[in-house]
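Everything below concerns the one structure shown next.
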Amino acid sequence: MEVRLSNQLPDYPSFIAGIRRAPDRGYSLTPAQTETALKNALRYIPEELHETLAPEFMEELLTRGRIYGYRYRPQGDLKAKPIDQYKGNCLEGKAFQVMIDNNLCFDIALYPYELVTYGETGQVCQNWMQYRLIKQYLEILTNEQTLVIESGHPLGLFRSRPDAPRVIITNSMMVGMFDNQKDWHVAAQMGVANYGQMTAGGWMYIGPQGIVHGTFNTLLNAGRKKLGIPQDQDLRGHLFVSSGLGGMSGAQPKAAVIAGAASIIAEVDSSRIETRHSQGWVQHVTADKAEAFRMAQEAMQAKEPISVAYHGNIVDLLEYAEVQSIRIDLLSDQTSCHAVYEGGYCPAGISFAERTELLSRDPDKFCSLVDASLRRHFEVIRKLVARGTYFFDYGNSFMKAIYDAGVTEISRNGVDEKDGFIWPSYVEDIMGPELFDYGYGPFRWVCLSGKHEDLVKTDHAAMDCIDPTRRGQDLDNYNWIRDAEKNRLVVGTQARILYQDAEGRLNIALRFNRMVRDGEVGPIMLGRDHHDVSGTDSPFRETSNIYDGSNVMADMAVQCFAGNAARGMSLVALHNGGGVGIGKAINGGFGMVLDGSGRVDEILRSAMIWDVMGGVARRSWARNPNALSTSAAFNEKYDGGYHITLPFIPKEDLIQHIVRTSLKHKS
């Protein structure tokens with residue numbers, strides 16, 4: 001058995017006009033580092049091709065800031081096919097090929113030619129040589145082997161056993177002193193670091209649907225907590241404004257309409273607007289600020305939902321609203337601020353085309369324009385908030401970017417960013433206490449047959465597993481899955497997302513595996529967003545409602561990854577960075593192939609509960625009230641097989657008295 005690239009030079013593929021391309025990421029290597037980068041890329045290539053490919057790779061590095069190995073990209077669109085059309089020695093090996101191609105197809109990938117799935121820089125792997133080798137390995141993988149992937153590089157196949165993971169992935173796990181954006185940028189240019197985002201490098205992205213449900217939940221709960229909307233009503237008559245229509249942010253208008261809101265989403269890239277409009281994810285398009293607000297106001301008066309894409313900069317849109325005294329109920333931002341100086345945020349005052357040119361021609365000027373724009377953005381949000389707008393950071397590192405731009409007054413403690421910022425993260429205010437602390441998170445599945453009828457059957461089966469009278473969250477989720485078909489959420493292959501707690505996920509997973517066993521549906525891939533109860537440690541997002549000081553610790557995500565590997569999930573992944581940037585998060589996730597077997601039933605019973613309750617337990621130990629009650633109820637129900645350590649809660653007045661008295665005596 002030998003896995004290697006052919007010594008026959010592939011034909012150079014053509015690039016289809018109209019497909020988005022990643023900007024030049026910047027070349028900043030020393031001559032010695034450049035030599036290493038070329039050697040690193042050429043080690044995938046048979047020696048007789050080095051003289052031909054070395055100049056090509058050098059040109060890519062100088063003009064794109066990365067070596068992508070375009071020569072090795074397959075021609076055309078990489079649409080996911082039904083699983084039985086892939087080669088493989090085991091079901092999992094074929095299933096992962098479905099997922100990889102789905103991440104890279106033209107309908108889903110942000111920059112498909114550069115292997116970027118979403119989030120400006122989130123890649124399946126670093127280059128097309130890695131892609132080809134990974135595909136070869138997955139075609140020969142057996143159920144007694146594990147494929148190891150390190151930052152996109154297929155390290156090799158290693159003997160294991162049927163109940164071990166078939167694939168283990170890590171991305172950009174940098175040593176602490178080098179765990180920063182500058183050193184990562186060098187490592188990426190040298191071809192040794194891959195930004196996996198949350199689910200791009202873990203091969204589990206299912207298109208923008210993956211975030212629609214979370215945005216739907218966020219908007220509804222924001223309305224309930226901040227606007228006084230009753231549990232059984234939606235956001236009709238209220239206005240939501242945000243920015244971004246990319247791979248993740250493109251979910252915002254769709255989610256807002258499902259939640260009943262009027263929404264205006266600003267976007268500077270016309271191609272992203274065209275994509276979302278053609279897919280039906282945004283209803284109206286305008287470059288006129290007054291027209292955008294007029295359409296929204298008319299819909300609000302009629303109590304009808306509407307989504308409007310404003311082609312322009314969010315800063316200009318908000319400054320117009322402030323000057324015109326237009327009330328905005330809910331306000332956020334979902335530009336890619338984890339890569340704020342790499343093109344993820346377009347400064348006010350320049351066009352998208354000028355942004356792309358400046359990134360390559362004058363990056364220092366671009367960075368200064370970004371900082372100036374962020375300061376303007378901060379000032380207009382502050383004015384709107386003073387008038388009653390509820391602003392929340394949507395987990396894109398927006399407020400950290402503002403802080404890094406020199407706006408220190410956004411710091412909550414006035415000293416640094418460790419205690420967060422003056423405005424809440426959506427996890428801190430909404431997602432954490434209302435969903436994560438109970439165990440609800442972004443459970444998802446893919447019908448590997450590619451058959452739409454399989455998706456419809458699984459929708460109905462999942463709905464049967466939900467008791468809508470148990471909690472308000474269950475009613476929201478029941479309504480979501482009930483209406484999923486009519487809301488036309490699928491982009492790419494046949495997939496679904498449904499927020500569920502630990503027991504909900506387990507019950508649905510077991511039901512699906514039985515359906516596979518009984519021949520009702522084809523095989524199914526289970527997974528979740530890494531942005532989940534246990535999946536991610538990030539003080540500015542997923543763990544922003546952790547107040548015991550452990551919000552800066554990454555133990556939970558690493559333990560979740562290790563525990564899922566130990567319990568035999570089909571695929572386990574651990575990444576650095578995620579949606580907030582290198583050094584600001586550690587995140588992990590899984591993929592589980594349902595083949596109908598009893599073996600899979602046993603893995604599900606062990607792993608699904610662990611995957612969720614490990615995070616609820618950590619949140620309970622941090623003294624989060626809803627996590628405390630959830631953990632106590634879990635201990636009672638599962639007594640004998642599980643037990644979560646519960647904290648004793650001291651009285652606030654006792655602690656305050658002791659601290660005040662002791663410090664007074666000390667001074």
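Bear in mind the structure is a predicted one, so any value in this text is a computation, not a measurement.
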Geometric class of the Y195/H338 ring pair [parallel <30°, tilted 30-60°, perpendicular >60°]: parallel
W445 and F443 aromatic ring geometry - parallel, tilted or perpendicular at 30°/60° bounds: tilted
Polar contact flag, side-chain donor to acceptor under 3.5 angstrom, E428-Y547: yes
Candidate list V612, I609, V616, test side-chain contact (heavy atoms from CB on, under 4.5 Å), partner F634, passing option: I609
H311 and S270, any side-chain heavy atoms less than 4.5 Å apart: yes
Geometric class of the F378/W423 ring pair [parallel <30°, tilted 30-60°, perpendicular >60°]: tilted
Parallel, tilted or perpendicular, as decided by the 30° and 60° cut-offs, for the rings of F398 and F391: tilted
Heavy-atom closest pair, residues T536 and H530: OG1-O, 2.8 Å
Student check: side-chain heavy atoms of L317 and N313 closer than 4.5 Å: no
Between Y394 and T215, a side-chain donor and acceptor under 3.5 Å: yes
Side-chain H-bond candidate by donor/acceptor type, T286 with E291, under 3.5 Å: no
Flag side-chain contact, heavy atom, 4.5 Å: V446 against M99: yes
Proximity of W480 and F216 rings by center, below 6.0 Å: yes
Close side-chain approach of E120 and Y345, heavy atoms under 4.5 Å: no
Exam field: side chain S373 to backbone P347, donor-acceptor pair closer than 3.5 Å: no
L318 and I328: CA distance, side-chain angles, deciding distance, side-chain contact (heavy atoms from CB on, under 4.5 Å) verdict: CA-CA 9 Å; L318 296 183; I328 297 172; 3.9 Å; yes
Residues Y390 and D429: side-chain donor-acceptor under 3.5 angstrom: yes
Taking every non-hydrogen atom, the tightest pair across A109 and V116: CB-O, 3.5 Å
Student check: side-chain heavy atoms of I264 and F240 closer than 4.5 Å: no
Ring geometry between F540 and F421 (parallel below 30°, tilted from 30 to 60°, perpendicular above 60°): tilted
Smallest separation among heavy atoms of G343 and R355, with atom names: O-NH2, 2.8 Å
Pair D333-S242, side-chain hydrogen bond (donor to acceptor under 3.5 Å, both in side chains): steps then yes or no: CA-CA 5 Å; D333 182 89; S242 187; 5.7 Å; no
Nearest heavy atoms of L489 and V212, plus distance in Å: CD2-CG1, 4.1 Å
Evaluation steps, side-chain contact (heavy atoms from CB on, under 4.5 Å), between L330 and L239: CA-CA 6 Å; L330 303 175; L239 177 61; over 6 Å; no
Chi angles and distances behind the side-chain contact (heavy atoms from CB on, under 4.5 Å) call for L455, R496: CA-CA 8 Å; L455 185 61; R496 186 70 76 220; 3.6 Å; yes
Pairwise side-chain contact, M399 with E417, heavy-atom cut-off 4.5 Å (strictly under): no
Test side-chain hydrogen bond (donor to acceptor under 3.5 Å, both in side chains) applied to Y118 and T199, step by step: CA-CA 9 Å; Y118 66 91; T199 50; 3.1 Å; yes
Exercise: identify the closest heavy-atom pair between D474 and I466: O-CG2, 3.6 Å
Validation row: F512, V521 side chains within 4.5 angstrom (heavy atoms): no
Whether over 12 other heavy atoms sit under 6.0 Å from R294 CZ: yes
Exceeds 12 heavy-atom contacts within 6.0 angstrom, atom NZ of K451: no
Pairwise side-chain contact, C560 with D611, heavy-atom cut-off 4.5 Å (strictly under): yes
Minimum-distance pair of heavy atoms, taken over all atoms of K225 and P433: NZ-CG, 4.2 Å
